[in-house]
Structure formats: C-alpha cells, structure tokens
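Along the sequence shown, the residues carry numbers beginning at 1.
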Amino acid sequence: MTEAYRVGDELPPLEIPVTRTLIVAGALASRDYQDVHHDAELAREKGSPDIFMNILTTNGLVGRYITDHFGPTAVLRKVAIRLGAPNYPGDLLRLTGRITALENLENVAPKGENHTLIEVAVTGDNRIGRHVTGKVTVTVTVTIAGAVAVAVTREGGA
C-alpha cells in the first residue's frame with residue numbers, strides 16, 4: 001500500500017444485498033438463535049414484518065468494509081457501532097466511511113515498516129433509513145521501499 005491517507009478522505013461506498021440467507025447465516029455464525037433472525041412467522045408474531053439482521057452480522061460487515069478498503073495489512077483495533085433501522089430481506093445496505101483521525105505509530109514499527117492508526121466514521125443506510133452508525137479504528141502496516149526484511153528463526157538466528 002503506497003497510498004497516503006488524510007483526515008476527511010471518503011472511502012468508496014460498499015453495497016451489500018441483504019438476503020434471507022445472509023441474515024440467517026450471520027445469526028447462525030454468531031450463535032444468535034433468536035427466532036426473529038430465522039423464523040419469519042415468529043418474527044411477525046413479535047411485531048416485525050419479517051426476520052431481521054442481528055448486530056453481530058452488521059458488526060462483521062462493517063469490519064469487512066474497512067479491511068477490504070485498507071488491504072491485507074489492516075488490523076481492526078476497535079469497532080463501535082449503534083444500530084438504527086433494521087435490515088430486512090430485500091434491502092440493500094450501503095456502507096460509507098470517512099477518515100476522522102490518523103496517527104503514525106513510528107515507535108512500535110519494526111525497522112522498514114510504518115504503522116498508521118486510522119479512525120473511520122462509518123454509516124450504513126437501507127431503504128428505511130440509517131441502519132448503522134459507528135467508528136472503526138484500524139492499524140495499517142506499510143513496508144517502506146528499500147527496506148531489508150530479516151527473517152528470524154525459532155533459534156533466534158537470521
């Protein structure tokens with residue numbers, strides 16, 4: 001990654017079709033067996049028009065949005081979100097983000113690398129309105145051109 005980031009930079013949007021399968025699979029993967037996430041009839045009995053996405057699935061999609069943008073060296077440090085309008089089958093979740101803070105972590109990087117801490121404000125909207133609002137903190141590692149990488153074996157030698 002050679003791209004320079006600045007506070008105020010907008011991330012390109014990510015549009016995710018919200019399918020019944022995504023909702024149910026996300027609930028199962030996060031061990032959320034509440035019926036409102038997989039049984040439409042019981043969800044309707046509880047006042048919802050259909051099943052709806054759980055917060056852990058939304059959290060995962062927000063994390064994916066950030067790591068897809070910043071690349072394979074990106075490491076999520078903090079994801080703090082708040083849900084609003086539910087995501088129902090047939091919705092299109094549109095995630096957007098804006099860089100709100102940058103910090104170079106020179107003191108923690110091995111020689112030849114540059115670590116940057118980036119904070120991104122994220123929002124996600126669907127046909128009903130704002131589904132998610134939050135902030136994500138991520139570190140990104142950049143290998144500095146011309147630096148020599150040294151592999152260390154278990155015995156401590158190079």
Side-chain angles (χ1 to χ4, degrees), residues 1-38 43 46-145 147:
M1 182 183 91
T2 58
E3 187 171 347
Y5 293 100
R6 290 183 286 284
V7 171
D9 284 353
E10 300 281 334
L11 279 61
L14 174 64
E15 293 185 343
I16 301 167
V18 178
T19 64
R20 192 167 299 281
T21 300
L22 175 63
I23 293 169
V24 173
L28 289 174
S30 60
R31 297 182 179 189
D32 183 347
Y33 304 118
Q34 291 188 34
D35 51 23
V36 294
H37 302 307
H38 64 84
K46 294 181 177 181
S48 178
D50 205 339
I51 63 171
F52 54 90
M53 186 177 287
N54 72 353
I55 191 169
L56 294 172
T57 303
T58 299
N59 197 67
L61 293 172
V62 167
R64 170 193 160 197
Y65 174 55
I66 297 300
T67 58
D68 280 0
H69 177 74
F70 289 105
T73 66
V75 176
L76 295 174
R77 297 297 180 187
K78 181 178 181 183
V79 178
I81 62 171
R82 170 170 272 179
L83 293 185
N87 266 334
Y88 295 113
D91 282 344
L92 182 69
L93 175 61
R94 185 174 194 272
L95 295 170
T96 59
R98 183 178 48 80
I99 296 175
T100 56
L102 292 167
E103 182 181 349
N104 193 345
L105 304 174
E106 293 175 16
N107 297 336
V108 300
K111 211 169 202 163
E113 288 184 354
N114 180 10
H115 291 255
T116 303
L117 188 72
I118 303 172
E119 183 181 86
V120 181
V122 176
T123 58
D125 297 318
N126 62 30
R127 64 185 157 92
I128 300 170
R130 178 75 24 103
H131 170 67
V132 64
T133 305
K135 290 208 181 227
V136 178
T137 305
V138 62
T139 53
V140 179
T141 303
V142 179
T143 302
I144 300 168

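Listed here is the closest heavy atom pair of His38 and Tyr33: NE2-O, 3.4 Å. Heavy-atom minimum distance, Gly63 versus Leu76: CA-CD1, 3.7 Å. Scanning both residues, Ala74 and Val138, for their nearest heavy atoms gives CB-CG2, 3.7 Å. Taking every heavy atom of both residues into account, Arg20 and Asp50 meet most closely at NH2-OD2, 2.8 Å.
Between the CE atom in Met53 and the OG1 atom in Thr19 there is a gap of 7.5 Å [rounded to 0.5 Å]. Note: His131 NE2 to Ile16 CD1 = 9.5 Å, rounded to the nearest 0.5 Å. One distance of note links OG1 of Thr137 with CZ of Arg77; it measures 10.0 Å at 0.5 Å rounding. Between Glu103 atom CD and Ile118 atom CD1 the span is 11.5 Å, to the nearest 0.5 Å. We find the CZ-CZ distance between Arg130 and Arg94 to be 10.5 Å, quoted to the nearest 0.5 Å. In this structure, Asn87 CG and Leu92 CG are separated by 9.5 Å, a value rounded to the nearest 0.5 Å.
No more than 12 heavy atoms of other residues, nucleotides or ligands shown are found within 6.0 angstrom of CZ on Arg82.
In the model, Ser30 has a side-chain atom that pairs as donor or acceptor with a side-chain atom of Asn54 under 3.5 Å.
Remark: the backbone N or O of Leu93 is not paired with any side-chain donor or acceptor of Asp91 at under 3.5 angstrom. Using a distance-only test at 3.5 Å, with no hydrogens or angles considered, no donor-acceptor pair links the side chain of His37 to the main chain of Ile51. Using a distance-only test at 3.5 Å, with no hydrogens or angles considered, no donor-acceptor pair links the side chain of Tyr65 to the main chain of Val122.
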Handout entry: Working for side-chain contact (heavy atoms from CB on, under 4.5 Å), residues Ile128 and Tyr88
Key = CA-CA 10 Å; Ile128 300 170; Tyr88 295 113; 3.6 Å; yes
Practice task
Start with the C-alpha distance between His69 and Leu14, add both sets of side-chain angles, then the distance that settles side-chain contact (heavy atoms from CB on, under 4.5 Å), and finish with yes or no.
Solution key: CA-CA 10 Å; His69 177 74; Leu14 174 64; over 6 Å; no
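Each of Asn104, Ile99, Thr100 was checked for a side-chain contact (heavy atoms from CB on, under 4.5 Å) with Leu102, and the lone residue meeting it is Ile99. Applying the side-chain contact (heavy atoms from CB on, under 4.5 Å) test between Val120 and each of Asp9, Thr96, Val62, Leu11 identifies Leu11 as the sole match.
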